[in-house]
Amino acid sequence: MIDLKDKQDIARENGRKSQGPITPEGKQRSSQNSITHGLASKCVVLSNESEELYTTLLTSYQTEWQPATTSEQHLVTQMVNSYWRLRRIWAMETALFDSEMFDQKEKFEAAWSYHHPAMRLVDSLVTIRTNTPTTLDTLSRYEVRYQRSYNNSMNQLRKLRKDRNAPIVNFTSPTKPDRLPDPEQPDPLPPCRREATVAP
């Protein structure tokens, strides 16, 4: 079985033999790598988020959409940035309710021997609205803003691709996943909800 050092030596040798992209399209995409994988992540990823996971998401979008021009590449990056921020907003909303329900837990359970699960959420909503009335409205505004940015970028990208007769990509707008994340399983995106159904 080949060991790690031999693998590294082989990889270096193959790298020396590589001539890089040959076609004009390949050279164009290659020239944008440092922009899309470096600057974009530094502009969007927070200090407690993973640049590596952001890059993975960006790469998956690039693979799916196959941007062939600088304009198309920028639109793909805008879609990824909007989606990354949408996930962050969803995580913040979840954390807001979880935090409030945790604070109310003892008092709530002392008052009710039996309750519908939604009752705790309603109590939390009322408290949040009373103590910080603009918080949920602010999160909602940002969610709408990033959703609109995502959709606009996708529509522009589709138009550019149509103008150059590129293959049609069937891609839907992002929607909120259903459940909370499992802390034991790393999420490939900003922490949001377990078993996300949104295709990156």
Side-chain angles (χ1 to χ4, degrees), residues 11-12 14-94 137-178 181 186-193 195-200:
R12 277 193 289 270
N14 288 337
R16 280 193 290 269
K17 293 177 181 177
S18 174
Q19 301 299 312
I22 298 174
T23 65
E25 293 80 6
K27 291 178 179 178
Q28 176 69 19
R29 283 194 295 270
S30 178
S31 69
Q32 297 165 3
N33 285 345
S34 62
I35 298 175
T36 58
H37 290 79
L39 180 60
S41 65
K42 292 185 184 348
C43 291
V44 178
V45 180
L46 299 180
S47 60
N48 65 332
E49 297 172 342
S50 169
E51 288 193 27
E52 180 182 355
L53 296 178
Y54 171 89
T55 299
T56 299
L57 178 65
L58 179 57
T59 299
S60 70
Y61 269 71
Q62 290 171 331
T63 300
E64 180 170 9
W65 288 93
Q66 293 294 311
T69 67
T70 301
S71 297
E72 289 184 5
Q73 179 61 66
H74 289 170
L75 288 169
V76 169
T77 303
Q78 286 179 32
M79 288 172 64
V80 172
N81 292 351
S82 298
Y83 182 60
W84 187 267
R85 287 167 168 145
L86 269 171
R87 293 279 306 212
R88 186 185 296 147
I89 292 298
W90 298 337
M92 291 169 65
E93 181 184 72
T94 298
D137 291 338
T138 300
L139 290 177
S140 179
R141 282 200 305 273
Y142 276 104
E143 181 176 7
V144 170
R145 173 183 173 182
Y146 296 140
Q147 184 77 65
R148 184 180 297 121
S149 173
Y150 184 98
N151 291 337
N152 288 343
S153 297
M154 182 172 62
N155 290 336
Q156 292 178 54
L157 180 57
R158 281 178 165 158
K159 184 178 185 306
L160 288 178
R161 291 173 57 85
K162 182 179 179 181
D163 290 345
R164 67 176 177 85
N165 296 317
I168 296 175
V169 176
N170 293 318
F171 195 88
T172 58
S173 299
T175 55
K176 285 188 183 180
D178 297 326
D187 194 338
L189 298 172
C192 186
R193 304 181 188 235
E195 297 177 2
T197 56
V198 180

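Predicted model only: the values in this text are computed from it and were never measured.
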Looking at Asp137 and Arg141, does any basic side-chain N land under 4.0 Å from a carboxylate oxygen? no
Return the CD to CG distance between Gln156 and Leu160, rounded to the nearest 0.5 Å. 7.5 Å
For Val44 and Trp84 the tightest heavy-atom approach is CG1-CD1, 3.5 Å
Suppose we screen for side-chain hydrogen bond (donor to acceptor under 3.5 Å, both in side chains). Which residues come up paired with Ser153, at least two apart in sequence or across chains? Gln78
If the plane angle is over 60° it's perpendicular, under 30° parallel, otherwise tilted; pick one for Tyr83 and Tyr61. tilted
Yes or no on side chain to side chain donor-acceptor pair (under 3.5 Å) for Asn81 and Tyr54, after CA distance, side-chain angles and deciding distance? CA-CA 9 Å; Asn81 292 351; Tyr54 171 89; 2.4 Å; yes
Supply the atom-to-atom distance Leu75 CG to Thr69 OG1, rounded to the nearest 0.5 angstrom. 8.0 Å
Tell me every residue that passes side-chain hydrogen bond (donor to acceptor under 3.5 Å, both in side chains) with Asn152, counting only those two or more places apart in sequence or in another chain. none
Smallest separation among heavy atoms of Tyr146 and Leu86, with atom names: CB-CG, 3.7 Å
If the test is salt bridge (charged side-chain N to carboxylate O under 4.0 Å, His left out), which one of Arg87, Arg85, Arg88 qualifies with Glu49? Arg88
To the nearest 0.5 Å, what is the distance between CD (Gln62) and CG (Leu58)? 4.0 Å
Partner residues of Lys162 under the side-chain hydrogen bond (donor to acceptor under 3.5 Å, both in side chains) criterion, sequence neighbours left out: none
Can you list everything that forms a side-chain contact (heavy atoms from CB on, under 4.5 Å) with Thr63? Sequence neighbours excluded, please. Thr59, Gln66
State which residues pass side-chain hydrogen bond (donor to acceptor under 3.5 Å, both in side chains) with Asn48; sequence neighbours excluded, sorted by chain then number. none
How long is the span from the CE atom in Met79 to the CG atom in Asn155, to the nearest 0.5 Å? 9.0 Å
Pair listing, salt bridge (charged side-chain N to carboxylate O under 4.0 Å, His left out) test, anchored in residues 68-80, at least two apart: Glu72-Arg164
Side-chain heavy-atom pair Trp65, Arg158 within 4.5 angstrom cut-off: yes
Distance col, row Thr56:OG1 vs Glu51:CD, nearest 0.5 angstrom, shows 11.5 Å
